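To start, the structure under review is shown below, and the notes come after it.
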Amino acid sequence: MSQQHSPAPSPRPRAAVATVAARRHDWWRDAVIYQVYPRSFADSNGDGMGDLEGVRSRLPYLRDLGADAVWLSPFYASPQADAGYDVADYRAVDPMFGNLLDADALIRDAHELGLRIIVDLVPNHSSDQHEWFRRAVAEGPGSPLRDRYHFRPGKGAVGELPPNDWESIFGGPAWTRVTEPDGTPGEWYLHLFAPEQPDFNWDHPAVGDEFRSILRFWLDMGVDGFRIDVAHGLVKADGLPDLGMHDQLKLLGNDVMPFFDQDGVHEIYRAWRRILDEYSGERIFVAEAWTPTLERSALYVRPDELHQAFNFEYLGTDWDAEELRAVIDRTLEAMRPVGAPATWVLSNHDVTRHATRFANPPGLGTQIRTAGDRELGLRRARAATLLMLALPGSAYVYQGEELGLPDVVDLPDEVRQDPAYFRGAGQDGFRDGCRVPIPWTRDGSSYGFGSGGSWLPQPATWGELSVEAQTGVPGSTLELYRAALAARREHPSLGAGESVEWLRAPEGVLAFRRGDFVCVANTSGESVTTPAYGRVLLASGEVTEADGETKVPSDTTVWWTTA
């Protein structure tokens, strides 16, 4: 007799389970952390922009989904030149998102639901509207506040050329010249991103003092950790030397740059760790650190530094068994000597959603402008999710991926807001496609996002991908995530540990054992037959069992348990 298996809804609610999990020792080592992009998650006041009260209203959904923690992208006071990553006041909430009372209420509600809150911290640069920078410009050359940033005289006969040849990640030179108080062209300041984001000078003691104070402010508010934006960028090489070449963006991730991944960053994080360890509750740091190798990433998560670092090498790996096995092995080997957990991530607010990346041919990178084969992309995305959630370590889920959302690749030019889109020769500038507000209901002005439309237009197909449309539907992507996260809590072999036992498998197939659990991921274009390793726990698509064997379709992942 043969049997077919497809995902079934997981039981809800799970408040008691979540509360117990939140108190668990070393919770972060195998946590599932859900990224909320506040402006695109839920809008409570109908202005078309998501806000903290909107996030707060949806916390039960995240609890029931099975998340352990929620990471909030920036909600600080900001002119929004780069969607909040240009901070004017690190101790204030931008009015578009609410106020400090809203932040306090969100943190308290999350804790009551057994969820932890991780907030974004942006220490590499501020907004050009930050009080320090505005005064530095207004006071003119010689102002002590200019030493807190990287102000330099220009080169050339009259200082008309930038101080060095560094290029902005968003395109163009990494320097902008200011107009001095007397109206004359003056000094230049460094900004590795947009001109509205001047880089701090971390050699100045006031900068370190300020950020240690900011850490304590939010820790005292009750946050459970920080995701550190551009964690690799704080320290620049002495003398700000020329790089000696153009198209520098192409070099990122291939070598240590004079403005990225300098060894001096580690002393900063050791000082931060000492502060964090003063607080109870196992609070954590997560590094966004782009480095040339996983071994250099591991330096950020030594026992006296940060807790986790994003695994961008895994995020950029194509849906290919050989490539995936190689990066999994390298990741686990790199993290093991420092005792840090591996992290796994498939999507975030800066890259094309993986349901669209996997819909396109391999080798195109993480920024893709074409929709590709939607059905193929979703099938692979679901399989990739089960593979990711079966690996030892912590997993990150970007809002909406549990709905199988694709990137919106056809946004009109006039609605785009990514600052890189408006600057030449930088990032592709199409990050808006993964930031379109997510759908909650089948109908409404913004599919339940809010009562007043949405800041980026949503596709007409959004309603059928909504939470409402998928809830309780066997085999839906949402119910697949719910079932997978429930199983991850219930089976100790999932998530925990630091190794996998690889099993023999056909070409194009990954198979590994972890305790009483077996995972098989078929990345090939054809069905394969594998042993029936036990009871099928979950599958990303329909599988058939007969006579002790299992037929696994293409682009499908299966979990078995032998318990």
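Bear in mind that the values here come from a model prediction, so they are computed numbers and not experimental data.
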In terms of side-chain geometry, is the basic nitrogen of [X] or [Y] positioned less than 4.0 Å from the acidic oxygen of its partner?
{"X": "Arg489", "Y": "Asp30", "answer": "no"}
{"X": "Asp304", "Y": "Arg273", "answer": "no"}
{"X": "Asp261", "Y": "Arg296", "answer": "yes"}
{"X": "Asp410", "Y": "Arg369", "answer": "no"}
{"X": "Arg330", "Y": "Glu333", "answer": "no"}

[X]-[Y] side chain donor-acceptor pair, cut-off 3.5 Å:
{"X": "Gln197", "Y": "Asp82", "result": "yes"}
{"X": "Asp320", "Y": "Thr523", "result": "no"}
{"X": "Thr291", "Y": "Ser297", "result": "yes"}

Give a yes or no on whether the backbone of [Y] and the side-chain of [X] come within a donor-acceptor separation of less than 3.5 Å.
{"X": "Thr352", "Y": "Ile368", "answer": "yes"}
{"X": "Glu402", "Y": "Leu478", "answer": "no"}
{"X": "Glu282", "Y": "Asp26", "answer": "yes"}
{"X": "Asp318", "Y": "Pro362", "answer": "no"}
{"X": "Asp242", "Y": "Trp166", "answer": "no"}
{"X": "Arg29", "Y": "Gly495", "answer": "no"}
{"X": "Thr343", "Y": "Ala309", "answer": "yes"}
{"X": "Ser476", "Y": "Gly472", "answer": "no"}
{"X": "Asn522", "Y": "Val509", "answer": "no"}

Taking atom [atom1] of [X] and atom [atom2] of [Y], what is their separation to the nearest 0.5 Å?
{"X": "Thr356", "Y": "Arg374", "atom1": "OG1", "atom2": "CZ", "value": "7.0 Å"}
{"X": "Leu121", "Y": "Glu288", "atom1": "CG", "atom2": "CD", "value": "12.0 Å"}
{"X": "Gln399", "Y": "Leu72", "atom1": "CD", "atom2": "CG", "value": "10.0 Å"}
{"X": "Ser73", "Y": "Trp71", "atom1": "OG", "atom2": "CH2", "value": "5.0 Å"}
{"X": "Glu498", "Y": "Leu332", "atom1": "CD", "atom2": "CG", "value": "8.0 Å"}
{"X": "Asp516", "Y": "Thr562", "atom1": "CG", "atom2": "OG1", "value": "4.5 Å"}

**OP:** Using the side-chain contact (heavy atoms from CB on, under 4.5 Å) rule, take Ile438 and Leu405 through it: C-alpha gap first, then chi angles, then the decisive distance, then the call.
**Re:** CA-CA 8 Å; Ile438 67 173; Leu405 295 186; 3.8 Å; yes
[X] and [Y]: which non-hydrogen atoms are nearest, and at how many Å?
{"X": "Leu65", "Y": "Leu485", "value": "O-CD1, 3.3 Å"}
{"X": "Ala194", "Y": "Ser168", "value": "N-OG, 4.5 Å"}
{"X": "Leu510", "Y": "Ala321", "value": "CD2-O, 3.4 Å"}
{"X": "Val436", "Y": "Pro459", "value": "CG1-CD, 4.4 Å"}
{"X": "Glu313", "Y": "Val327", "value": "CG-CG2, 3.5 Å"}
{"X": "Leu234", "Y": "Pro123", "value": "CD1-CG, 3.9 Å"}

In terms of the angle between their ring planes, are [X] and [Y] parallel, tilted or perpendicular, with boundaries placed at 30° and 60°?
{"X": "Phe285", "Y": "His307", "result": "tilted"}
{"X": "Tyr269", "Y": "Tyr300", "result": "tilted"}
{"X": "Trp440", "Y": "Tyr61", "result": "perpendicular"}
{"X": "Phe41", "Y": "Tyr34", "result": "perpendicular"}
{"X": "His349", "Y": "Tyr398", "result": "tilted"}

Are the side chains of [Y] and [X] in contact, using a 4.5 Å heavy-atom criterion?
{"X": "Ser554", "Y": "Glu526", "answer": "no"}
{"X": "Glu479", "Y": "Thr471", "answer": "yes"}
{"X": "Trp344", "Y": "Leu387", "answer": "no"}
{"X": "Trp290", "Y": "Phe260", "answer": "no"}
{"X": "Leu537", "Y": "His491", "answer": "yes"}
{"X": "Arg513", "Y": "Val500", "answer": "no"}
{"X": "Leu386", "Y": "Cys519", "answer": "no"}
{"X": "His354", "Y": "Thr385", "answer": "yes"}

Subject >> Glu323 atom CD, over 12 foreign heavy atoms within 6.0 Å >> reply: yes
Subject >> Criterion side-chain contact (heavy atoms from CB on, under 4.5 Å) on Leu192 and Phe170, from CA distance to verdict >> reply: CA-CA 8 Å; Leu192 291 178; Phe170 287 168; over 6 Å; no
**OP:** In sequence, state the C-alpha distance, the side-chain angles, and the governing distance for Gln417 and Arg39, and then conclude on side-chain contact (heavy atoms from CB on, under 4.5 Å).
**Re:** CA-CA 12 Å; Gln417 300 191 29; Arg39 59 169 53 203; 3.9 Å; yes
**OP:** Check step by step if side-chain hydrogen bond (donor to acceptor under 3.5 Å, both in side chains) holds for Asn311 and Thr331.
**Re:** CA-CA 8 Å; Asn311 190 346; Thr331 298; 3.0 Å; yes
**OP:** Dump the intermediate steps for side-chain hydrogen bond (donor to acceptor under 3.5 Å, both in side chains) on Gln308 and Tyr396, then the final yes or no.
**Re:** CA-CA 11 Å; Gln308 295 181 347; Tyr396 282 78; 2.5 Å; yes
Subject >> Name of the residue among His191, Lys236, His125 meeting side chain to side chain donor-acceptor pair (under 3.5 Å) with Asp199 >> reply: Lys236
Original post:
Who passes side-chain contact (heavy atoms from CB on, under 4.5 Å) against Ala384, sequence neighbours left out?
Top reply: Trp319, Leu346, Phe358
**OP:** Applying side-chain hydrogen bond (donor to acceptor under 3.5 Å, both in side chains), run through Thr556 and Arg379 and close with a yes or a no.
**Re:** CA-CA 7 Å; Thr556 300; Arg379 188 166 67 247; 5.6 Å; no
**OP:** Apply side-chain hydrogen bond (donor to acceptor under 3.5 Å, both in side chains) to the pair Asp224 and Trp28, showing each step before the final yes or no.
**Re:** CA-CA 10 Å; Asp224 300 287; Trp28 46 275; over 6 Å; no
**OP:** Check the pair Asp350, Arg435 against salt bridge (Lys or Arg N to Asp or Glu O under 4.0 Å), reporting the backbone distance first and the verdict last.
**Re:** CA-CA 9 Å; Asp350 281 332; Arg435 300 175 178 181; 3.0 Å; yes
